[in-house]
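Chain letters run A, B, ... following the sequence lines, proteins first, then strands; residues in each count from 1. All of these numbers come straight from a predicted model, not from anything done at the bench.
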Amino acid sequence: MVAPLWSPPGRGISMARYNAKTTEAKWQAAWATAKTFEATEDPSKEKYYVLEMFPYPSGRIHMGHVRNYAMGDVVARYKRARGFNVLHPMGWDAFGLPAENAALEKQVHPAKWTYENIANMRTQLQSMGLSLDWSREFTTCDVEYYSQQQKLFLDLLKNDLAYRRESWVNWDPVEHTVLANEQVIDGCGWRSGAPVERRQLSQWFFRITAFQDELLAALDDLERWPEKVRLMQANWIGRSEGARLRFSVKQRETEIEVFTTRQDTIFGASFLALSPDHALTAELAAENPEIAEFVAECRRLGTSEEVIEKAEKLGFDTGLRARHPFLPDVELPVYIANFVLIEYGTGAIFGCPAHDQRDLDFARKYGLVVLPVVIPSDVETADFSVGKEAYVGPGRLANSGFLDGLTIEEGKAEIARRAEAGNFGTREVMHRLRDWGVSRQRYWGCPIPVVHCDACGVVPVNEADLPITLPDDVTFDRAGNPLDRHETWGVVDCPACGKTARRETDTFDTFVDSAWYFARFCSPHAAQPLDRAAVDYWMPVDQYIGGVEHAILHLLYARFFTRAIEKCGHIGVSEPFEGLFTQGMVCHETYRDPEGIWLEPTEVARNDAGQMVRLDNGAQVDTGRSEKMSKSRKNVIDPEDIIERYGADTARWFMLSDSPPERDLEWTDSGIEGAWRFSGRIWRIVEEAAGELPPADSPAPASFSDQAKALRRVTHQAIGAVTDGIERFQFNVSVARLYELANALASYKVVDAGIDETNGERWAQREAIEALVVMIGPMMPHLAEEGWHILGQSGLLADAAWPLADPALLVEDTITIAVQLNGKMRATLEIARDQPEDDVRVAALALEKMVAAVADKPVRRVIVVPNRIVNVVV
RNA sequence: GCCCCCUUGGCGGAAUUGGCAGACGCACGGGACUUAAAAUCCCGAGACUUAACAGUCGUCCCGGUUCGAGUCCGGGAGGGGGCACCA
């Protein structure tokens with residue numbers, strides 16, 4: 001890529017090329033000096049809280065950040081111009097594993113690594129010229145932040161929203177550490193490559209399930225959220241209605257409890273199946289080595305997801321027989337089956353092979369009865385049979401005694417009623433959602449403020465003793481959690497009895513940090529977690545913007561945590577984000593040389609023959625499809641390079657043009673060049689006209705020439721369309737309308753060069769240029785600010801009001817409407833607007849082309865849509 | 001396997017939600033300026049037929065509703081995403 005040239009200086013001093021670098025620095029300094037973007041609560045003004053998902057401080061910003069923050073800044077600056085009191089803060093999601101990895105690899109302390117990264121990224125972000133209130137900046141690894149989080153945790157504990165229980169973790173036996181699910185690759189540790197073991201540890205949980213129905217129901221009211229995200233959350237919560245049924249076991253004094261959503265198919269049941277981890281399975285395994293061996297086999301399979309997916313359905317007949325609750329003569333064999341999950345329902349099922357695919361596969365393998373009990377409405381019962389595919393569609397019940405003839409829904413209700421009456425079952429609503437495990441056996445996270453005492457058990461730290469700070473003197477020369485092996489940090493007096501006890505060495509999942517940061521921005525320096533007055537003023541976030549990859553976890557945790565702290569009295573809202581927008585990724589072509597080595601875009605170029613080749617050795621390069629920019633594929637463009645070469649405005653403009661914000665954006669060199677050309681074009685339009693225009697705020701002349709009128713109409717149409725585009729998050733459409741306005745201005749030649757303003761041509765030109773500059777402001781703020789200044793405006797553009805379209809100027813006196821024959825376009829008709837239908841019809845039929853097209857055919861009907869279209873039917 | 005979304009010129013995309021398909025940008029071609037180039041400005045362009053006027057076809061495919069379908073309905077193909085033995 002060749003750097004564009006900032007000069008040559010053009011035709012004279014006043015025509016000097018726009019210098020983005022110095023101009024951008026100048027206005028960034030001006031905004032900072034004026035504290036333009038620092039927000040304060042002002043009850044007399046309507047507030048608007050714009051937030052982009054805060055970044056993890058990896059060290060450098062990437063194009064995804066640029067796109068995200070460019071969009072957020074459009075909204076923030078636009079709402080400011082519309083008179084809102086805007087809050088637009090920024091901070092850092094700074095705890096987490098990468099800092100510990102860096103510590104291990106480079107022997108640098110996580111804190112040092114993190115804060116240096118933040119300093120670097122802050123500089124990069126500031127070079128983008130975002131309208132951020134930097135006075136509210138904080139970092140989640142600041143003691144000031146995480147100590148407040150510890151207070152919130154104590155409140156959650158008091159309100160029974162946090163608790164401790166045993167839970168399975170992925171344990172890497174080589175690194176002596178717990179692994180997150182995404183660190184387990186093919187059943188092995190991502191770094192050590194050793195097979196991961198499942199271990200049980202006592203861990204902290206947040207009781208998200210206490211709000212599960214509310215979290216589901218409230219999705220309906222999140223009207224400014226993408227439908228897709230609401231659906232994903234609903235699926236994740238996974239509410240299903242069914243019944244819990246108890247089966248008595250013939251051979252022993254016990255019952256097996258199953259959960260089912262298809263209790264209507266009970267007469268088609270042919271077996272029961274227990275999870276390998278079911279309590280009864282454990283009992284049986286203790287008595288029977290064969291069962292123990294089978295269970296062990298299932299567990300071995302259990303480590304690798306891939307194997308589970310492909311695994312055959314396996315079962316082991318325990319020899320036990322369960323009694324059918326409605327058929328005294330029928331006994332159902334009890335199996336242990338590898339596809340029954342202990343985490344869901346009761347860890348046991350009844351199998352109805354005819355109407356469940358898994359049960360059918362299982363039944364075919366073990367030769368069990370397949371009895372259809374739901375018959376599609378267009379088939380006779382005797383004619384219906386199930387082959388390889390279970391029937392899960394609608395129908396009437398059959399072969400089912402007292403249920404025969406009922407619908408599925410009626411059958412479900414009847415079984416539930418009889419089970420409850422007979423005291424062997426209940427209606428039950430089950431959820432897929434599990435409580436949120438927040439313990440991480442890690443150093444670089446917020447310490448969980450509790451103490452383990454041999455006498456008193458788990459004791460919360462007294463609030464007065466907070467914060468529990470991380471010790472600095474830790475080493476990363478070995479695997480495992482440094483907090484565990486710290487000599488003094490973990491030794492503490494029990495808050496309850498005073499005896500020597502041990503500190504909790506687990507830290508919080510970093511999703512906890514990001515589950516309330518948006519609320520902390522309202523009062524970032526408060527001595528308590530949240531200042532109610534500030535939070536009540538600013539919350540909820542009016543517009544949240546970020547990647548769709550957080551559609552489930554982060555957004556669900558934030559919704560839960562807001563409810564949790566609402567219950568504790570810290571906040572007055574239950575939904576944190578009124579509006580949500582999920583933006584697409586930034587993509588780029590990929591390049592590989594003949595050896596299959598990935599190449600950076602800077603390492604390849606197109607040769608004279610039009611082929612992509614390596615710059616260093618000329619070898620031909622395979623151009624791969626465009627993919628999300630990633631280091632592993634080397635298809636990244638560094639925003640810092642782009643801003644250095646073209647300026648922040650150009651980078652931002654390119655991010656907003658062409659691609660709809662929710663879709664992926666394809667990075668191209670020609671695209672950024674085009675954006676850069678346009679910024680120069682705007683500059684020229686303003687520069688060349690500025691000296692000829694009437695002074696700022698001149699009163700409108702009494703009359704306008706036709707050309708001036710036409711320009712004014714274009715201007716006001718652009719105002720309407722650009723505004724509409726921003727409101728609807730269609731920035732690419734706003735950009736197109738701004739191009740049109742710029743094109744109109746570029747071809748606007750004032751006929752009367754004199755300053756005499758009787759025809760209003762210069763006045764209309766100023767109106768148009770000012771509108772252009774103001775509307776470009778949210779997208780290219782520095783260039784717009786410079787233009788505003790050149791136009792002789794005294795204040796900052798950042799404080800200027802958004803233009804309003806004058807409806808009177810939008811209407812065109814003469815309009816062109818389409819004339820169709822039998823629905824096909826044949827001609828157009830120029831006519832004054834709002835003419836009576838009869839006149840339009842007559843005029844349309846009188847058109848030469850229509851007369852010829854209709855010829856001698858009888859006109860059967862003429863449809864006139866006012867000011868739109870005429871359709872002649874013959 | 002289940003659920004959801006998408007498919008419009010060479011490319012990214014637009015179309016007031018049923019009313020002139022292809023706005024705007026990119027790439028491309030032609031021209032102006034220039035000794036020349038860059039930059040800038042102007043013009044052209046969906047495909048096919050035609051010397052031209054003009055005509056025919058055209059929003060993934062097939063069918064339907066309608067005076068009229070990119071838009072609504074039914075079926076199919078291709079691409080993408082989410083969840084995944086959830087009983």
> For E666(A), which contact category applies under a 4.0 Å heavy-atom criterion: base, sugar-phosphate, or nothing?
Replying inline: nothing
Side-chain atoms of R358(A) come closest, of C57(B), C20(B), C86(B), to C86(B)
query: Within the structure shown, what part of the strands sits under 4.0 Å from Q730(A) by heavy-atom distance: base, sugar-phosphate, or nothing?
result: sugar-phosphate
Item to complete: May I ask you to decide if Y391(A)'s main-chain N or O and H355(A)'s side chain share a donor-acceptor pair within less than 3.5 Å?
Response: yes
N/O donor-acceptor pairs under 3.5 Å from side chains in residues 819-828 of chain A, not counting sequence neighbours:
| residue | atom | partner | partner atom | Å |
| --- | --- | --- | --- | --- |
| N822(A) | OD1 | V874(A) | N | 3.1 |

Report task. Please state whether the phosphate of C41(B), meaning OP1 or OP2, lies under 4.0 angstrom from any side-chain nitrogen or oxygen of R684(A). Result -> yes
Under 4.0 angstrom, heavy atoms only, what part of the nucleic acid is V340(A) near: base, sugar-phosphate, or nothing? base
When every non-hydrogen atom of W667(A) is compared with those of H588(A), the smallest separation belongs to CD1-CD2, 3.5 Å
Check: Does the distance from a Lys or Arg side-chain N to an Asp or Glu carboxylate O, for R230(A) and E227(A), drop under 4.0 Å?
Finding: yes
Distance alone, cut at 3.5 Å: any donor-acceptor contact between the side chains of Y18(A) and E687(A)? no
Worksheet item: Hey, does R663(A) reach any base, or is it just sugar-phosphate, or nothing, if we go heavy atoms under 4.0 Å?
Response: sugar-phosphate
Side-chain atoms of W236(A) come closest, of A14(B), C83(B), G19(B), to C83(B)
When we call it a touch if two heavy atoms are under 4.0 Å apart, what does L231(A) touch: a base, just sugar-phosphate, or nothing?
sugar-phosphate
Heavy atoms only, 4.0 Å cut-off, all strands: where does N732(A) land among base, sugar-phosphate and nothing? sugar-phosphate
Before accepting this row, confirm whether a basic side-chain N of the pair D356(A)/R262(A) lies closer than 4.0 Å to the acidic partner's carboxylate O. no
Of A87(B), A21(B), C67(B), the nucleotide closest to the side chain of V873(A) is C67(B)
query = Contact class for V865(A) (heavy atom, under 4.0 Å): base, sugar-phosphate, or nothing?
reply = base
At a cut-off of 3.5 Å, list every protein nitrogen or oxygen paired with a nitrogen or oxygen from nucleotides 25-28 of chain B, distance to 0.1 Å.
| residue | atom | partner | partner atom | Å |
| --- | --- | --- | --- | --- |
| G25(B) | OP1 | N743(A) | ND2 | 3.3 |
| C26(B) | OP1 | R677(A) | NH2 | 3.0 |
| C26(B) | O2' | S670(A) | OG | 3.0 |
| A27(B) | OP2 | R677(A) | NH2 | 3.3 |

Quiz item: Salt-bridged, R633(A) to E627(A), with N to O below 4.0 Å?
Solution: yes
Quick note, N338(A) side chain, CB onward, closest among C20(B), A23(B), C85(B) is C85(B)
